[in-house]
S.K.: 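Below is a structure I'd like to ask you about.
None of these values were measured; they are calculated from a predicted model. A note on names: the letters A, B, ... follow the listed sequences, proteins ahead of strands, and every chain is numbered from 1.
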Number of protein chains: 2
Amino acid sequence: MLKYAILGLLQYTDMHGYRIKEHIERNFGHMWSINYGQIYPNLKKLYNDGLVEMTEMAQNGEKGPPRKLYSITDKGKEEFAKWLEISPDKPMLLRDPFLMKFVFFGFGDAKRSLEIIDEQIKRYKSDLKRRKKNLNRWENSGTYVRLTAELGVNLNEMFIKWLEHSKQEIENQETAIFHEQAGT
Amino acid sequence: MLKYAILGLLQYTDMHGYRIKEHIERNFGHMWSINYGQIYPNLKKLYNDGLVEMTEMAQNGEKGPPRKLYSITDKGKEEFAKWLEISPDKPMLLRDPFLMKFVFFGFGDAKRSLEIIDEQIKRYKSDLKRRKKNLNRWENSGTYVRLTAELGVNLNEMFIKWLEHSKQEIENQETAIFHEQAGT
DNA sequence: CTTTATATATATACAAACTATATATTAATC
DNA sequence: GATTAATATATAGTTTGTATATATATAAAG
């Protein structure tokens, strides 16, 4: 899938690996983090398959070592276009270490569980703040990019709402158990 | 992460690989799909690390070949408990082949894009129906499991709302472009 | 002015997760 | 009794993800 993310970005403009990582994190970072260890091998493969071209840039006053600028070829554009109009086969995958723990909190210490829930609410809230602040950045980037950014905000708001509601339910239940034990 | 999902499930009851897959898909299937190719190697590793025990069951009138029943050891329970109270380190990861295409629909054929969006709305809606129907199944499974199932429903409803709103915006924009071209 | 810190940039080894497919057993169906 | 369906385990191969090494150039600190 990363293959097509890279090809898609290269349709906007030529880029080198480092810049590609930046862009992916800006465009998909709502829900996606990427690593150089995924980008450079992919670029190499795209190059070997003739889907991108590469030119080594000379030093030009910029920081860092010489860059390798990649651009999409006609073959690359073709393959990307083909991919774009195929109905997505695989369903959404949501993998969240917090949620994985959450399901099993019944086995753990209730107090510690609530602590982790509070931490998570804070995390969601700071994420939401950042995303809302960046929303205007996508206003002129085309409808689809903008709508995707909006989805990120919606997703974040939904999670906060759900987790705050969950916290209350859990606390209420704790109180109920306490009263039971106290015989009231 | 799968390692801990398996250990967690084995705290409820002893299971063999096939059954573990069923349970994971029932409990986490809101956003998670699993494959035998992930389960059996994991069970083997858990066994080698002494976190689970295994007994080969004799045939007992049930269908299929002999089962290997796994149960969690004290060492396994310890490691699971330790993991459960550590603050989750990595952020949520949402990987969706549909969303990946959606961001780039600006490069593709608008008509085909709307078709794929319609397919996706249908998929979301049938998922929602199934999840809502199954909600009552978790009513007595403990607060955390039930709340996680509710999250699945919320997530689904949010996506439908977002995608239907997005569709309208895209269609409106298409119409605007048409009027522009027609000079009205 | 030289050491140190920082941002840039590429690369690779390793581990975890995912896909595809092979194999085998039993129960039910035809 | 042959076929189909459900159960169950296993593994090869690919893709993803993590950790870390390496190197260059600018900025900042001393």
S.K.: Going by number, which of residues 76-91 of chain A have a non-hydrogen atom under 4.0 Å from DNA chain D?
M.R.: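 By residue number: none to list.
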
S.K.: OP1 or OP2 of D/dA10 versus the side-chain N and O atoms of B/Lys68: is any pair under 4.0 Å?
M.R.: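 Indeed, a polar side-chain atom of B/Lys68 lies that close.
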
S.K.: Decide yes or no on side chain to side chain contact (heavy atoms under 4.5 Å, CB included) for A/Glu79 and A/Asp49, but give the supporting numbers first.
M.R.: CA-CA 11 Å; A/Glu79 200 170 316; A/Asp49 294 347; over 6 Å; no

S.K.: Salt-bridged, B/Glu25 to B/Lys21, with N to O below 4.0 Å?
M.R.: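 Yes, this pair counts.
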
S.K.: Strictly below 4.0 Å: does B/Lys21 bring a side-chain N or O up to OP1 or OP2 of D/dT9?
M.R.: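 For B/Lys21, the contact criterion (side-chain N or O under 4.0 Å from OP1 or OP2 of D/dT9) is not met.
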
S.K.: Can B/Val52 and B/Ile6 be said to form a side chain to side chain contact (heavy atoms under 4.5 Å, CB included), step by step?
M.R.: CA-CA 10 Å; B/Val52 300; B/Ile6 292 174; 5.6 Å; no

S.K.: How many Å lie between CD1 on A/Ile6 and C1' on C/dT10, as a whole number?
M.R.: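 Value for this atom pair: 14 Å.
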
S.K.: State whether a side-chain donor-acceptor pair under 3.5 Å links B/Glu119 with A/Ser87.
M.R.: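 Yes, A/Ser87 and B/Glu119 have a side-chain donor paired with an acceptor closer than 3.5 Å.
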
S.K.: Check whether any side-chain nitrogen or oxygen of B/Arg95 sits under 4.0 Å from OP1 or OP2 of D/dG17, and answer yes or no.
M.R.: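 It does, given that an N or O in the side chain of B/Arg95 lies less than 4.0 Å from OP1 or OP2 of D/dG17.
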
S.K.: Could you list by number each residue of residues 36-55 of chain A showing a heavy-atom separation from DNA chain D of less than 4.0 Å, or answer none if no residue does?
M.R.: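 The answer is A/Gly37, A/Gln38.
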
S.K.: Side-chain donor-acceptor pairs under 3.5 Å in residues 153-169 of chain B, sequence neighbours left out?
M.R.:
residue  : atom : partner  : partner atom : Å
B/Asn156 : OD1  : B/Leu128 : N            : 3.2
B/Asn156 : OD1  : B/Arg131 : NH1          : 3.0
B/Asn156 : ND2  : B/Tyr124 : O            : 3.2
B/Glu157 : OE2  : B/Lys132 : NZ           : 3.4
B/Trp162 : NE1  : A/Leu147 : O            : 3.0
B/Glu164 : OE2  : B/Lys125 : NZ           : 3.0
B/His165 : NE2  : B/Glu169 : OE2          : 3.4
B/Ser166 : OG   : B/Trp162 : O            : 2.8
B/Lys167 : NZ   : B/Asp118 : OD1          : 2.9
B/Glu169 : OE1  : A/Arg146 : NH2          : 2.2
B/Glu169 : OE2  : A/Arg146 : NH2          : 3.1

S.K.: Is there a donor in the side chain of B/Glu53 and an acceptor in the side chain of B/Thr73, or the other way round, less than 3.5 Å apart?
M.R.: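 No, no side-chain donor-acceptor pair sits under 3.5 Å.
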
S.K.: Find the distance between CD1 (B/Ile72) and CE (B/Met15) and round it off to the nearest 0.5 Å.
M.R.: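 Reported to 0.5 Å precision, the distance equals 10.5 Å.
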
